[in-house]
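Heads up: the structure comes next, in C-alpha cells.
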Amino acid sequence: CETCSEEEAKYRCPRCMKYSCSLLCVKKHKLALSCNGVRDKTAFVSVNEFTDLNLLSDYRFLEDVGRTADAAARHPTMHSPTTKKLLYCLRNRARRCNIDLRTLPIGFTKRRENSTTFNCVEKKFYWHLKLVFPHCHAEYTLKGVPDDKTLADILKPYIDPVESDPVVCQRLKIYTVSPQSDVQILMKIENRKQNSVR
C-alpha cells in the first residue's frame with residue numbers, strides 16, 4: 001500500500017494508479033492528492049501501450065459525447081419559438097447594420113452564456129463582451145455594453161490608473177503602470193485555416 005506502507009495492496013486507483021490496501025487508505029490518498037478516483041478518459045496513451053481495451057474505452061467515450069450533444073440539442077428551451085424568433089430578429093438587425101453576426105450551434109457554452117440583445121426603441125445593440133488580459137491571466141465578462149461606447153470607455157474601469165477599481169487595478173498592475181500608447185487591443189479572428197499566417 002502506497003498510503004500506509006504496511007498492508008498488502010488490494011486496490012489500484014483508476015485515476016493516479018496508486019495502490020491502496022483498504023477503503024480508509026483510499027480515502028486518505030484521495031484527500032492527500034486531491035484525487036477524485038475517476039479514470040481520465042482523455043489521458044494520453046502511446047501507440048506501444050495501446051490495447052483493445054483502450055480502443056473500446058475511446059469508442060465508449062465518443063458514444064457518451066454523442067449522447068450528451070444529442071440531449072443538449074433536444075432540450076426544450078433550445079427549440080422554443082421565442083428563442084428562435086429572438087435569434088432571427090437579432091440576425092436581421094445585424095445584417096441591416098452591416099454586421100457579420102455568427103452564432104454557435106445549440107448546446108455550446110458560449111452560445112448559452114451570450115447575452116447580446118438589440119433594443120428596438122433605442123435602435124442599439126447591447127453586446128456581451130469578454131475582456132482577456134493575457135499578461136495577468138485575468139478575464140472579465142461584461143453584459144449589456146452599448147454599441148456606441150468606445151473601447152477607451154470600456155477599459156477605463158480596468159486599466160485607468162485613476163478611475164479603475166483598486167482591487168482590479170492591483171491585479172492588472174502591468175497594464176495600469178504602462179503608458180496608454182503601449183497597450184494594444186486585439187480581437188480574436190475566428191474561422192481561420194489551421195496553417196494560415198497570423
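All values below come from the heavy atoms of this structure, side chains included, with hydrogens, waters and symmetry mates left out. Keep in mind that this is a model prediction, so the values were computed, not measured.
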(message) Evaluate R15 against D40 for side-chain contact (heavy atoms from CB on, under 4.5 Å), listing each step before the verdict.
(response) CA-CA 6 Å; R15 181 107 185 158; D40 185 8; 3.7 Å; yes
(message) Are I99 and I154 connected into the same hydrophobic cluster when the rule is that any two of I, L, V, M, F, W, Y join if their side-chain heavy atoms are below 4.5 Å apart?
(response) yes
(message) Under the salt bridge (charged side-chain N to carboxylate O under 4.0 Å, His left out) definition, can you give me all pairs with a residue in residues 97-106, not counting sequence neighbours?
(response) D100-R102
(request) Using the side-chain contact (heavy atoms from CB on, under 4.5 Å) rule, take C1 and K10 through it: C-alpha gap first, then chi angles, then the decisive distance, then the call. (result) CA-CA 8 Å; C1 178; K10 296 175 188 172; over 6 Å; no
(request) Flag yes if Y140 and V145 sit in one hydrophobic cluster, no otherwise; membership is Ile, Leu, Val, Met, Phe, Trp, Tyr, and two members link when side-chain heavy atoms are under 4.5 Å apart. (result) yes
(request) Could you give me the CA-CA distance, side-chain angles and deciding distance for L129 and T141, then say whether side-chain contact (heavy atoms from CB on, under 4.5 Å) is met? (result) CA-CA 6 Å; L129 293 184; T141 303; over 6 Å; no
(message) Looking at K173, is its backbone amide N or carbonyl O close enough to the side chain of T176 to form a donor-acceptor pair, meaning the two atoms are under 3.5 Å apart?
(response) yes
(message) In the structure I gave you, are the side-chain heavy atoms of Y158 and S164 within less than 4.5 Å of one another anywhere?
(response) no
(request) Identify the heavy atoms of E7 and C4 that sit nearest to each other, and give their distance. (result) N-SG, 3.9 Å
(request) Nearest 0.5 Å please: distance from the CZ atom of R112 over to the CG atom of L104. (result) 11.0 Å
(request) Would you kindly confirm whether L151 and L131 end up in one hydrophobic cluster when ILVMFWY residues are joined by side chain heavy atoms under 4.5 Å apart? (result) yes
(request) Any chance you could measure R60, atom CZ, to K41, atom NZ, to the nearest 0.5 Å? (result) 10.0 Å
(message) With clusters defined by side-chain heavy atoms of hydrophobic residues (ILVMFWY) lying less than 4.5 Å apart, directly or transitively, does L172 cluster with V183?
(response) yes
(request) Quick one: closest heavy-atom pair of K124 and D147, and the distance? (result) CG-OD1, 3.4 Å
(message) Could you see if L142 belongs to whatever hydrophobic cluster contains V132? Use Ile, Leu, Val, Met, Phe, Trp, Tyr and a side-chain cutoff under 4.5 Å.
(response) no
Below 3.5 Å, can you tabulate the donor-acceptor pairs from side chains in residues 19-31 to any protein atom, sequence neighbours excluded?
residue : atom : partner : partner atom : Å
Y19     : OH   : R12     : NH1          : 3.4
S22     : OG   : C25     : N            : 3.4
H29     : ND1  : V26     : O            : 3.2

(request) Can you establish whether the number of heavy atoms outside D52 located under 6.0 Å from its atom CG is more than 12? (result) no
(request) State, yes or no, whether a side-chain contact exists between F125 and R93 at a heavy-atom distance under 4.5 Å. (result) yes
(request) Start with the C-alpha gap between V168 and F133, add the side-chain angles, then the distance that decides, and say whether side-chain contact (heavy atoms from CB on, under 4.5 Å) holds. (result) CA-CA 11 Å; V168 175; F133 297 91; over 6 Å; no
(message) Please check: side-chain N/O of R91 versus main-chain N/O of T103, any donor-acceptor pairing under 3.5 Å?
(response) no
Return all side-chain donor-acceptor pairs below 3.5 angstrom for residues 113-120, not counting sequence neighbours, or 'none' if the list is empty.
residue : atom : partner : partner atom : Å
N114    : OD1  : T116    : N            : 3.0
N114    : OD1  : T116    : OG1          : 2.8
S115    : OG   : H128    : ND1          : 2.8
T116    : OG1  : H128    : N            : 3.2
N119    : OD1  : V121    : N            : 3.0
N119    : OD1  : E122    : N            : 3.0

(message) Distance check, rounded to the nearest 0.5 Å: E163 atom CD versus D153 atom CG?
(response) 8.5 Å
(request) Supply the atom-to-atom distance L55 CG to T51 OG1, rounded to the nearest 0.5 angstrom. (result) 8.5 Å
(request) Verify the neighbour count for atom CD of E8: are there more than 12 heavy atoms of other residues, nucleotides or ligands below 6.0 Å? (result) no
(request) Write down the atom of I159, the atom of Q180, and the distance for their closest heavy-atom approach. (result) O-NE2, 4.0 Å
(request) Flag yes if more than 12 heavy atoms outside I185 fall under 6.0 Å of its CD1 atom; otherwise flag no. (result) yes
(message) Does this structure show an ion pair linking R67 with D70, if we count only N-O contacts that are shorter than 4.0 Å?
(response) no
(request) State the SG-CG distance between C169 and D160, to the nearest 0.5 angstrom. (result) 8.5 Å
(message) Would you compute the distance between atom CG of N54 and atom CZ of F61 and round it to the nearest 0.5 angstrom?
(response) 13.5 Å
(message) Checking the side chain of T68 only, and the main-chain atoms of D64 only, is there a donor and an acceptor separated by less than 3.5 Å?
(response) yes
